[in-house]
Amino acid sequence: MRRILGTTLLLAALTLLTGCGSDTPGAAREPGGGPASGRPCDDGGGDCYTAPTLVSGTAAGGEVSRRATPLPDEAAVTAYAAQFSEPFATKLTRAATRVEVPEGNTLVAAVVTVGCDVPPGVDVRRAGGGIEVTAQKIAAPHEECFAPVTTVALAPVPGPVAG
């Protein structure tokens with residue numbers, strides 16, 4: 001009886017730990033929080049953006065920044081990923097290489113949250129000569145977690161982007 005109870009408690013604890021964050025890349029999301037339909041959005045300035053890819057990892061480090069960093073080539077991706085701990089740095093690098101960047105677009109990245117929750121999506125807009133990426137509101141945020149979850153948004157945006 002004790003062995004069954006102990007196993008049950010262990011499984012419950014592991015389930016709670018998993019619920020606080022995930023090391024799997026997040027799916028691209030639309031502003032409403034649902035899965036991306038592939039429909040671009042408009043920032044009012046005539047630029048259309050593909051739904052960003054969210055990549056999340058537990059205890060990865062990083063600091064939230066609304067201003068996106070341009071990642072025009074593999075060296076820039078590697079340099080950006082170096083700010084994070086492993087295995088997240090490698091996961092982010094792999095995710096960046098899988099993002100389809102149309103001709104004439106630039107891939108950008110931004111740490112959108114470091115906390116207990118992964119946002120349902122992000123909003124991307126051109127502002128002040130650069131690109132701003134902001135996390136959408138989390139409907140029911142967790143108040144506590146065992147380790148913070150870092151979420152980075154990867155998005156191809158039209159034209160060149162100032163660093």
Side-chain angles (χ1 to χ4, degrees), residues 17-43 45-138 145-163:
L17 282 172
T18 307
C20 185
S22 156
D23 277 343
T24 58
R29 304 269 180 186
E30 285 290 331
S37 65
R39 186 183 74 228
C41 59
D42 184 23
D43 72 348
D47 286 334
C48 289
Y49 302 106
T50 304
T53 298
L54 300 181
V55 184
S56 298
T58 303
E63 289 187 30
V64 174
S65 174
R66 290 178 66 149
R67 188 159 181 94
T69 301
L71 305 177
D73 54 37
E74 188 177 325
V77 170
T78 301
Y80 183 80
Q83 70 180 299
F84 304 104
S85 63
E86 289 295 346
F88 184 73
T90 299
K91 182 190 330 185
L92 180 63
T93 301
R94 287 183 182 149
T97 62
R98 289 191 301 261
V99 173
E100 188 175 320
V101 181
E103 185 71 32
N105 282 230
T106 302
L107 181 65
V108 298
V111 177
V112 293
T113 58
V114 177
C116 295
D117 302 285
V118 174
V122 296
D123 296 314
V124 178
R125 69 183 192 98
R126 201 169 284 278
I131 300 292
E132 281 188 0
V133 182
T134 53
Q136 294 172 355
K137 185 175 180 178
I138 298 165
C145 55
F146 292 103
V149 177
T150 299
T151 301
V152 174
L154 297 168
V157 297
V161 177

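Throughout, numbering of the chain's residues begins at 1 and tracks the sequence. The basis for the numbers below is simple: all heavy atoms, side chains too, and nothing from hydrogens, waters or symmetry mates. What you see is a predicted model, and the numbers here were worked out from it, not measured in a lab.
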Here the ring-ring contact (aromatic ring centres under 6.0 Å, His included) pairs for residues 61-86, sequence neighbours left out, are Tyr80-Phe84, Phe84-Phe88
State, yes or no, whether a side-chain contact exists between Leu107 and Pro70 at a heavy-atom distance under 4.5 Å. no
Shortest non-hydrogen pair, Val161 vs Val157, comes out as CG2-CG2, 3.4 Å
Correct closest heavy-atom pair for Ala68 and Ala110 would be CA-CB, 4.1 Å
Thr90 meets the side chain to side chain contact (heavy atoms under 4.5 Å, CB included) criterion, sequence neighbours left out, with Glu86, Arg94
Report task. Say whether, by atom type as modelled, one donor and one acceptor occur between the side chain of Thr93 and the main chain of Val77 under 3.5 angstrom. Result -> no
Taken to the nearest 0.5 Å, the spacing of Asp117 CG from Lys137 NZ works out to 12.5 Å
**Study point:** Derivation and outcome, side chain to side chain contact (heavy atoms under 4.5 Å, CB included), residues Gln136 and Asp123
**Key:** CA-CA 7 Å; Gln136 294 172 355; Asp123 296 314; 3.0 Å; yes
Sequence neighbours excluded, the answer for side chain to side chain contact (heavy atoms under 4.5 Å, CB included) partners of Val64 is Val111, Val114
On a heavy-atom basis, the closest approach of Gly159 and Thr106 is O-OG1, 2.8 Å
Here the side-chain hydrogen bond (donor to acceptor under 3.5 Å, both in side chains) pairs for residues 154-163, sequence neighbours left out, are none
Smallest heavy-atom separation, Pro156 atom then Glu100 atom, equals CG-O, 3.6 Å
The side chain to side chain contact (heavy atoms under 4.5 Å, CB included) partners of Pro160 (sequence neighbours excluded) come to none
Those residues at least two apart in sequence (or on a different chain) that pass side-chain hydrogen bond (donor to acceptor under 3.5 Å, both in side chains) with Arg66 are Glu132
Hits for side chain to side chain contact (heavy atoms under 4.5 Å, CB included) against Thr151, two or more places apart or cross-chain, chain-then-number order -> Leu54, Ser56, Val112, Thr113, Val118, Pro119, Val149
Exactly one of Val152, Leu154, Val133, Thr53 clears side chain to side chain contact (heavy atoms under 4.5 Å, CB included) with Val122, and that residue is Val133
On a heavy-atom basis, the closest approach of Pro52 and Ala153 is CB-CB, 4.5 Å
Residues at least two apart in sequence or cross-chain that pass side-chain hydrogen bond (donor to acceptor under 3.5 Å, both in side chains) with Glu63, listed by chain then number, are none
In terms of heavy-atom contacts, Val124 and Ala155 come closest through CG2-CB, 4.4 Å
Residues passing the side-chain hydrogen bond (donor to acceptor under 3.5 Å, both in side chains) test with Thr150, sequence neighbours excluded, are none
